[in-house]
Amino acid sequence: GQAVTFDGSNSRGATPLVSYQWNFGDGSTAGDVRIDHVYSSAGVFDVTLTVVDSTGLRSTAGARIQIDDVPTPTPIPELPLIGVEWRLVAYNSGQPALTPILPGSQITARFDQDGALLGFAGCNTYNAQYQVDGAALSIGLPAAGQAACATPEGVMQQEAAYLALLPLAASYRWNEGRQELLAATGSVLLQYAPGPTPR
């Protein structure tokens, strides 16, 4: 289903070439110097190019090519927001692109059935109340511990930014293997990947 380009422009003759004849090995032919051809099925094909010069001399060259099926990507099954241990991958720091979390740090979230959001913010554990109505989501102000961590550098600023973003969430969506919390404007606030299964 993808175009394969065949190019005979390096062909040379004692006199100028006047004819190019391609045989693509699948019953199709063409008569241009350079041509794109689409194979309709996978297989091994013997391709030939015959050139003729202005005196009628001809020469043929061939090559064998293999056309493979493009594997169909396996869809990633959608996971529900509730009851899954989520691991933060990136967050909105006001930059054009999401900011990945600091190497060596970990932030988690678990939305329990009883409306409690529990997790680890990088240095302290936290909890908050949440409500879900379809794809709409609201999260209350989180309460977190008061410990201070020195490593990795910047972890406390990251924790503060994360906790400040949670109450801004207005909806959520599953997007290519990631669970995303969105602001009311539709911008992505937080992006999670599935983490360890809760015990």
* For side chain to side chain donor-acceptor pair (under 3.5 Å), just list the numbers for D36 and T5, CA-CA rounded to whole Å, side-chain angles, deciding distance to a tenth of an Å, and then say yes or no. => CA-CA 4 Å; D36 289 338; T5 299; 2.6 Å; yes
Do [X] and [Y] come within less than 4.5 Å of each other through their side chains, counting heavy atoms only?
X    : Y    : result
V51  : Y20  : yes
R87  : I107 : no
L166 : L190 : yes
P194 : E85  : no
I65  : V44  : no

Under 3.5 Å donor-acceptor, [X] side chain and [Y] backbone:
X    : Y    : value
W86  : L81  : yes
T15  : S54  : yes
N127 : L117 : no
D114 : A116 : yes

* State plainly whether one hydrophobic cluster holds both L189 and I139, where clusters connect Ile, Leu, Val, Met, Phe, Trp and Tyr through side-chain heavy atoms under 4.5 angstrom apart. =>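 Yes, L189 connects to I139 through the hydrophobic network.
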* Are I35 and I67 joined in one hydrophobic group, where the rule is that I, L, V, M, F, W and Y side chains link up if heavy atoms are under 4.5 Å apart? ->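 Looking at the clustering, I67 is in the same group as I35.
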Say you draw a straight line from [atom1] of [X] to [atom2] of [Y]; how long is it, rounded to the nearest 0.5 Å?
X    : Y    : atom1 : atom2 : answer
Y172 : L137 : OH    : CG    : 7.5 Å
F24  : D46  : CZ    : CG    : 14.0 Å
E176 : Q191 : CD    : CD    : 9.5 Å
T108 : L88  : OG1   : CG    : 9.5 Å
S138 : Q129 : OG    : CD    : 10.5 Å
S11  : D53  : OG    : CG    : 11.5 Å

* F45 ring center within less than 6.0 Å of Y39 ring center ->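 Aromatic pair counts; centres sit under 6.0 Å.
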* Is R34 salt-bridged to D32, going by a charged N under 4.0 Å from an acidic O? ->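 Not counted as a salt bridge, because no side-chain N and carboxylate O are separated by less than 4.0 Å.
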* Asked: Would Q66 and D68 count as having a side-chain donor-acceptor pair, cut-off 3.5 Å?
  ->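 Present: a donor and an acceptor within the cut-off.
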* What is the ring orientation for F6 with H37, classed by angle as parallel under 30°, tilted 30 to 60°, or perpendicular over 60°? ->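 F6 vs H37 ring planes: tilted.
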* Which atom pair, heavy atoms only, marks the closest approach of A128 to P142? ->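 The pair with the smallest heavy-atom distance is CB-CA, 3.8 Å.
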* **Partner set under salt bridge (charged side-chain N to carboxylate O under 4.0 Å, His left out) for E180, not counting sequence neighbours** =>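 Partners of E180 under the salt bridge (charged side-chain N to carboxylate O under 4.0 Å, His left out) test: R173.
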* Could you name each residue pair satisfying side-chain hydrogen bond (donor to acceptor under 3.5 Å, both in side chains) that touches residues 154-163, not counting sequence neighbours? =>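 Listed by first then second residue: S105-Q158, N124-E159, Y126-Y162, Y162-Y192.
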* **Test log, rule side-chain contact (heavy atoms from CB on, under 4.5 Å), inputs Y130 and I82** => CA-CA 11 Å; Y130 76 92; I82 298 170; 3.5 Å; yes
